[in-house]
Amino acid sequence: MSTTLEAPASTRGLVEITKVRKSFGTTEVLKGISLTVEPGGVAVIVGPSGSGKSTLLRTINHLEKVDAGFIAIDGQLVGYRVKGNKLHELPERDILKQRTEIGMVFQNFNLFPHLTALENVTEAPVVAPRPEKARLSQAEARERGLELLGRVGLRERAGAYPRQLSGGQQQRVAIARALALDPKILLFDEPTSALDPELVNEVLDVIRELAKSGTTLIIVTHEMGFARDVADTVVFMDQGQIVEQGKPQDIFTNPQEERTRSFFSKVIEPAFNI
Amino acid sequence: MSSAATRTAQSPAEKPAPTETPSPTEAQAPESQAAAAQTGETQAAAVPAGPADLRAAVDYADYRLVPARRPWRWVGTVLVALGVAAVAWSLATNPRWEWGVVAQWFTAKSVVNGLVETLKLTAISGVLGFILGFILALMRLSASPLLVSVSWTFSWIFRSTPLLVQMLLWYNLGYLYEKISLGIPFTDIRFFEAQTTTLISQFAAAVLGLTLNQAAYSAEIIRGGILSVDQGQLEAAAALGIPAWRRSTRIVLPQAMRAILPTAFNEIIGLVKGTSIVYVLAYSELFYTVQVIYNRTQQVLPLLLVATLWYVVITSVLSVFQYYIERHYSKGAVRTLPLTPLQKARKFFATHAPASTTGPANTAGRK
Ligand SMILES: Nc1ncnc2c1ncn2[C@@H]1O[C@H](COP(=O)(O)OP(=O)(O)O)[C@@H](O)[C@H]1O
Ligand SMILES: [Mg+2]
């Protein structure tokens, strides 16, 4: 798997999700999802709670194993290797390597509370095994970490522990942490849902910047205005299926499916009518 | 009596310098009510209606804040001090404690040797016990049903057998199994073979018994600590590609430590005194040594006191360690670390010292 050379920038971060199925016990949470996100593209996934959005994101970096179907990044299978006509799960170490190319930002930040902001950012580049890249030394990681904290506007708070930071600041540190491994793809699972309303924008602004940077972004969010701004594709999920997808202007103004229409009428109308 | 009420009680005339407020709170209460009633009346007369009556009559911004007094704290402090003094007095003056004998034996060579043995047993079985306990905890939390059940069975057996019985079993292992050998089962191949009695000395039996027993208990303590760490931490670490061992040691364990440490120190302190159980092996640690001495000299009480004082010393030292280790692991868990006793003392002297010594005040403030 590691024989493929690094793809040229234009094809870095192509995500292909093909007929993915996933059940927890007897309930099927993903019912055959297929979705392609072009390199550097921004896909925003929306849908009611429990529709499987988080589960789908987690299958992309193999935090959740799929039951059927497959996911490929730049043509490489995630979590598996082809042998004959079977897919064999990769050993832990290779999965870790793949994950370093896929950054993830969580709803609850999940920063390491006993490490400073800078230590949170520098931990992975120093210890994670990476494909075709050496681990960074402490000094290199530190320099890069400070640069990334600067990029999210928190260079001055490098020595602060997460609990000494506001929610918005914590999420920005979490974004810097995800960026520290130069991922091809960034996954955001409701990055602003745990934030007070006045802190939402400082995080969204950082993501807006990333959207221009050529990294592929897959974002689950309830911020419809933001989705309209940054998305190349808006994907509407309900009950484990993709009901509809399209360009934001099309899907927001002229949804084809009844379920999409009724969801948007609940999420968007109240906000605009107030 | 809240400070707010105390402040309302000040009449506007006193406003510029509400000097000291030494009057007892009881005396102040009626006064404040009267004042409130009064202002209420006059305002009601001046302003006909509306929420205006509720506004503060005076601008209190320049008033000095007086913290609420806690008289019961002082009463409690005095009572405790009296109690401690009484106990100290009786200890010092009752001749039956025989302090002279205590002093004579406290640093006697045999007692110190016993003390060293106690410390040795505690340190070795404590460290080995917690290492084994950590492994058992990881096994118990692993996905493998085999490892889970092995770990569970271990804890089950060692927690349900009296330590005394375990000790005697280990020491008398030679009676059950004459030889101990390492080889391939069901073949004649042996890499190593020895007489059990030569292999299991008193010391080995003591360490074995204490360690295995300690491991069973610490496994549960460590498991509890690990479970107290949010699952999201592991997930975030896995998503970053951090290897499994590093996830355990760098991400989970330091956070689990906060839950583990208080109970772990309880265990270690218990172990210090628990080592005295090896008297059944006639192993001369501190307590056994003291027993041997008083059986000979009949000075039971003072010699028990010698052992007790040493246990107190060990426990005190451990408690200091506990304080600083817990403080270390609370980094990031609290917004600001509390001052250490040393820092507190420095701050106290800095703030209570004459104005000329401003240096220490600044350092204490910055800390
Ligand atoms: N580990 C799990 N075990 C059992 N059920 C789960 C698990 N994770 C998610 N689910 C269930 O799967 C469904 C989809 O969850 P999720 O992907 O979190 O939805 P969303 O993110 O769209 O709100 C929910 O009904 C949820 O209860
Ligand atoms: Mg979710």
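This one's a predicted model, so the numbers in the text were calculated from it and none came from an experiment. Throughout, a chain's letter reflects where its sequence line sits, starting with A, and its residues are numbered from 1.
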Counting only heavy atoms not in R250(B) (residues, nucleotides, ligands), do more than 12 fall under 6.0 Å from its CZ?
yes
Within 6.0 angstrom of Q231(B) CD, more than 12 heavy atoms from elsewhere:
no
If you measure from CD on E123(A) to CD1 on I242(B), what distance do you get to the nearest 0.5 Å?
4.5 Å
Which atom pair, heavy atoms only, marks the closest approach of F106(A) to A239(B)?
CZ-CB, 4.1 Å
Rounded to the nearest 0.5 Å, how far does CE of M104(A) lie from CD of E235(B)?
7.0 Å
Heavy atoms from other residues, nucleotides or ligands near CZ of F321(B) exceed 12 (cutoff 6.0 Å)
no
Where on P183(A) is there a heavy atom nearer than 4.5 Å to chain B: the side chain, the backbone, both, or neither?
neither
Greatest number of heavy atom pairs closer than 4.5 Å to chain B - which of N108(A), L63(A), I95(A), T100(A)
L63(A)
R58(A) atom CZ: more than 12 heavy-atom contacts under 6.0 Å
yes
So with a 6.0 Å cut-off around CD of E147(A), is the heavy-atom count from everything else above 12?
yes
Whether R163(A) side chain and G332(B) backbone form a donor-acceptor pair below 3.5 Å
yes
Where does R258(B) contact chain A at under 4.5 Å (heavy atoms): side chain, backbone, both or neither?
neither
Measure the spacing between CD1 of I251(B) and CG of N110(A) and express it to the nearest 0.5 Å.
11.0 Å
Which pair of non-hydrogen atoms, one from A128(A) and one from G241(B), has the smallest distance, and what is that distance?
CB-O, 3.3 Å
Salt bridge between E92(A) and R247(B), side-chain N to carboxylate O under 4.0 Å?
yes
What's the spacing between L115(A) CG and Q255(B) CD if we round to 0.5 Å?
7.5 Å
Could you grab the distance from atom NE2 of H114(A) to atom CG of L253(B), nearest 0.5 Å is fine?
9.5 Å
Does any backbone or side-chain atom of N61(A) lie under 4.5 Å from a heavy atom of chain B? Answer side chain, backbone, both or neither.
side chain
Against chain B, label L111(A) side chain, backbone, both or neither, depending on which of its atoms sit under 4.5 Å from a heavy atom there.
backbone
For each of A238(B), A244(B), P254(B), tally heavy-atom pairs with chain A at distances under 4.5 Å, and name the one with the top tally.
A238(B)
What part of P113(A) lies closer than 4.5 angstrom to a heavy atom of chain B: side chain, backbone, both or neither?
both
With a 4.5 angstrom heavy-atom cut-off, is it the side chain or the backbone of R177(A) that approaches chain B, or both, or neither?
both
